[in-house]
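Values reported hereafter were calculated over all heavy atoms of this structure, with side chains retained and with hydrogens, waters and symmetry mates removed. Both ligands and their constituent atoms are indexed starting at 1 by order of listing.
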Amino acid sequence: MSKFIIGLTGGIGSGKTTVTNIFAELGIDVIDADIVARLVVEPGSKALEEIEKHFGADFITLQGHLDRTKLRSRIFSSTTDKNWLNNLMHPIIRQTILQQITQAKSCYCILVAPLLLENNLNKLVNRVLVVDVDESTQVARTVARDPSSAEEVQRIIASQMPREQRLRLADDIIFNQDVDLETLRQKVLMLDHHYRSLSKSKSE
Ligand code: ATP
């Protein structure tokens with residue numbers, strides 16, 4: 001039986017984790033693309049070995065982990081290196097996501113990815129759910145949560161897909177602004193109900 005998969009995305013600080021946690025509390029299996037991206041470069045992995053071969057041993061910490069800060073600054077200053085890394089990582093991440101989807105047990109599952117649309121991961125899912133807030137809310141909530149500055153958050157927003165474009169690609173939208181957490185939970189409950197019935201009709 002093929003799986004019914006919801007791709008959940010949204011800009012930085014929009015509330016993806018908050019919404020995903022509510023789905024998880026309802027018993028829905030969650031595959032997190034960020035966690036997969038870390039998993040595939042763990043010590044001993046093929047990807048880490050390739051990265052070391054390409055960039056050199058000083059991109060690996062003394063404990064054998066990937067030096068993310070160093071790699072981030074390298075690919076920030078070199079498009080060639082950025083493309084090389086993406087070409088290495090994307091197929092491995094995609095493959096691991098597919099494996100995790102196969103193992104999911106709930107009647108539908110969620111694939112959460114900040115760059116679901118930018119990285120074409122939406123090709124793997126049946127529906128796209130966008131968590132949406134305006135830019136000033138993104139900045140306010142992110143600086144309240146993280147030590148980052150408003151400028152840093154704005155830079156990340158600029159590197160992600162523009163809000164209007166993301167909303168155009170959505171099948172479902174959770175507007176997470178001016179709503180308290182209980183109201184947000186009600187919105188998720190309604191969608192969960194909808195997804196359960198869609199997954200049931202798909203499997204019939
Ligand atoms: P990132 O892309 O940076 O990982 P995210 O999309 O996963 O962010 P969250 O971490 O879920 O976003 O939410 C950002 C912050 O906003 C968190 O501190 C969260 O608790 C808060 N938040 C989320 N939804 C609401 C809400 N409806 N009302 C108030 N605060 C909220």
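Among all protein heavy atoms, the one lying closest to atom 27 (N) of ligand 1 is N176 OD1, 2.7 Å. Protein heavy atom at the shortest distance from atom 4 (O) of ligand 1 is R145 NH1, 3.8 Å. When only non-hydrogen protein atoms are considered, atom 7 (O) of ligand 1 lies nearest to T17 OG1, 2.5 Å. Taking atom 12 (O) of ligand 1 as the reference point, the nearest protein heavy-atom neighbour is G15 N, 3.1 Å. If you check which protein heavy atom lies closest to atom 28 (N) of ligand 1, you get R141 NH2, 3.3 Å.
Using a 4.0 Å heavy-atom cutoff, G13 is listed among the residues neighbouring ligand 1. Every heavy atom of P114 sits 4.0 Å or more from the atoms of ligand 1.
Near K16, meaning under 4.0 Å from one of its heavy atoms, ligand 1 places the atoms 1 (P), 2 (O), 5 (P), 6 (O), 7 (O), 8 (O), 11 (O), 12 (O). Within ligand 1, counting atoms from 1 as listed, the ones closer than 4.0 Å to a heavy atom of T18 are 9 (P), 11 (O), 13 (O), 19 (C), 23 (C). With ligand atoms numbered from 1 in the order given, ligand 1 contributes 26 (C), 27 (N), 28 (N) to contacts under 4.0 Å with heavy atoms of V179. Against a heavy-atom cut-off of under 4.0 Å, G11 is close to the following atoms of ligand 1: 6 (O).
Geometrically, ligand 1 and L184 share no nitrogen or oxygen pair separated by less than 3.5 Å. Between L181 and ligand 1, no N or O atom pair is found at a separation short of 3.5 Å.
Using the six-membered ring where Trp is involved, Y195 and F23 have ring planes that are parallel, under 30° apart on the 30 and 60° scheme. Taking the six-membered ring where tryptophan is involved, the planes of H54 and W84 are essentially parallel, since the angle between them stays under 30° and well short of 60°.
Ion pairing of K53 with E50 is present here, as a side-chain N (NZ or NE/NH1/NH2) and a carboxylate O approach within less than 4.0 Å. At a threshold of 4.0 Å, the pair D192-R196 counts as salt-bridged, since one of the basic side-chain nitrogens sits closer than that to a carboxylate oxygen. Remark: K70 engages D58 in a salt bridge, criterion side-chain N to carboxylate O under 4.0 Å.
Of the residues listed (V131, I22, T18, I28), the one engaging V188 in a side chain to side chain contact (heavy atoms under 4.5 Å, CB included) is I22, and it is the only one.
By the 4.5 Å heavy-atom criterion applied to side chains, L184 and V19 are counted as neighbours. In this structure the side chain of Q100 reaches within 4.5 angstrom of the side chain of L39, judged on heavy atoms.
By the 6.0 Å contact criterion, NZ on K202 is enclosed, its count of non-hydrogen atoms from other residues, nucleotides or ligands being greater than 12.
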